[in-house]
Chemist: 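What follows is a single structure, and I will ask about it in a moment.
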Protein chains: 2
Amino acid sequence: MKQEKKKIFQEYAAARGLKSTRQRDIILDSFLSTDRHLSIEELYLQLREKHPGIGYATVYRTLKLFAESGIAREIHFGDGQTRYEHQAEGEHHDHLVCTRCGAIVEFENEAIEKLQDEIAAGYGFLIKNHKLELYGLCAKCRK
Amino acid sequence: MKQEKKKIFQEYAAARGLKSTRQRDIILDSFLSTDRHLSIEELYLQLREKHPGIGYATVYRTLKLFAESGIAREIHFGDGQTRYEHQAEGEHHDHLVCTRCGAIVEFENEAIEKLQDEIAAGYGFLIKNHKLELYGLCAKCRK
DNA sequence: GGGTATATTGAAAGTCACTTTCAACTAGCG
DNA sequence: CGCTAGTTGAAAGTGACTTTCAATATACCC
Ligand SMILES: [Mn+2]
Ligand SMILES: [Mn+2]
Ligand SMILES: [Zn+2]
Ligand SMILES: [Zn+2]
């Protein structure tokens, strides 16, 4: 899974004439080793602890490349920061977001996806992508 | 409908000790007279044609007040701008957004809302609000 | 291995959409 | 009217990117 994404990115990089660098390797490993939905800044601060030399701009540019290569997806939870999560070809999920502690749960629901298609068809729209986020309190925080 | 929202805002303003000003009246009328999903900047530019004196900050602050009073809802379509739309107590709808021409269609779907509740319940979440947006090409643009 | 042509990097400057500050205005009340 | 508290618009401030650019690092060709 993780190795697979690594390979996908390397192939993407090769096809685009991108070079393999120490920074990209570090950022890729770091990104793939967490399942949290990290913002650019969060990943940058985390990286800096072990690799003080890496700059914010490099993290920013590299995450963008990950998204272009298909191994990452950019997400916005309305807190003003851009986040990135792992993305796999042909897979899709939506999110439950706890507005108190920031916990995030991913879910898939075929029935909703189907209803979305029906709605779009009803208005003649050709849907390219969508966003479904449920905001509230997680089980812990609502106690 | 329009008069009703006007009244709701006036009562909200009175309850908060807010004063009635020429600017607020103008912005309120302007906001209520369009059904488009205008950004702060768009409404500001539109207003300036007939009322050159009004400042961006005033439009910004006033739209925020509308949202607080319950007659408006803030929306984000991912283009980096904050938009406001009419909002009525107890009503809710989601959006279809054309990524080419910017057209927006509002829709309601009880079945989806219900499935969302079930998903949330399944994870123990208490949902406060949600966001469902379908992005793609409208009937005209897909031709 | 060295020599080059390209790509990459990090720091700093720039951008954009707000958001706040503040001195000059009003409303609203007595 | 005379005050007092709320408003306004211009300008300055913020925050999260986003771009620029000189210094480096790679990948490829002898
Ligand atoms: Mn979905
Ligand atoms: Mn909805
Ligand atoms: Zn929580
Ligand atoms: Zn369209």
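These numbers come from a predicted model, not from an experiment. Atom set for the values below is all heavy atoms of this structure, side chains included, hydrogens, waters and symmetry mates excluded. We name chains A, B, ... by the order of the sequence lines, and we start the count at 1 in each one.
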Chemist: How is A:T82 classified with respect to the nucleic acid when contacts are heavy atoms under 4.0 Å: base, sugar-phosphate, or nothing?
Modeler: sugar-phosphate

Chemist: Should A:Y60 be listed as having a side-chain N or O under 4.0 Å from OP1 or OP2 of D:dT18?
Modeler: yes

Chemist: Once you apply a heavy-atom cut-off of 4.0 Å, does B:E41 come out as touching a base, just sugar-phosphate, or nothing?
Modeler: nothing

Chemist: Quick check: on DNA chain C, is the nucleotide nearest A:G55 upstream (toward 5') of the one nearest A:K19, or the reverse? Name the residue that is more 5'.
Modeler: A:K19

Chemist: List the atom of B:H93, the atom of B:E85, and the distance in Å for their closest heavy-atom pair.
Modeler: NE2-OE1, 3.0 Å

Chemist: Under 4.0 Å between any heavy atoms, over every strand shown, what does A:R61 touch: base, sugar-phosphate, or nothing? Just pick one.
Modeler: base

Chemist: Tell me whether the side-chain N/O atoms of A:T58 come closer than 4.0 Å to OP1 or OP2 in C:dG10.
Modeler: yes

Chemist: With a 4.5 Å limit on heavy-atom distance, are the side chains of A:I127 and A:Q116 in contact?
Modeler: no

Chemist: Does C:dA7 have OP1 or OP2 sitting under 4.0 Å from an N or O in the side chain of A:T21?
Modeler: no

Chemist: So, does A:R24 get its side chain near the phosphate of C:dT9, meaning an N or O under 4.0 Å from OP1 or OP2?
Modeler: yes

Chemist: Assuming nearest nucleotide by heavy-atom distance, tell me which of B:L18 and B:Y44 is located more 5' along DNA chain D.
Modeler: B:L18

Chemist: Which heavy atom of B:V97 sits nearest to which heavy atom of A:F125, and what is that distance?
Modeler: C-CE2, 3.7 Å

Chemist: Quick check for you: among D:dG6, C:dT20, D:dA27, whose closest atom lies nearest to any side-chain atom of A:S20?
Modeler: D:dA27

Chemist: Checking contacts here: which listed nucleotide (D:dT18, C:dT9, D:dG9) is nearest the side-chain heavy atoms of B:A57?
Modeler: D:dG9

Chemist: Taking B:K2 first and then B:D29, would you say they form a salt bridge - that is, a charged N and a carboxylate O separated by under 4.0 Å?
Modeler: no

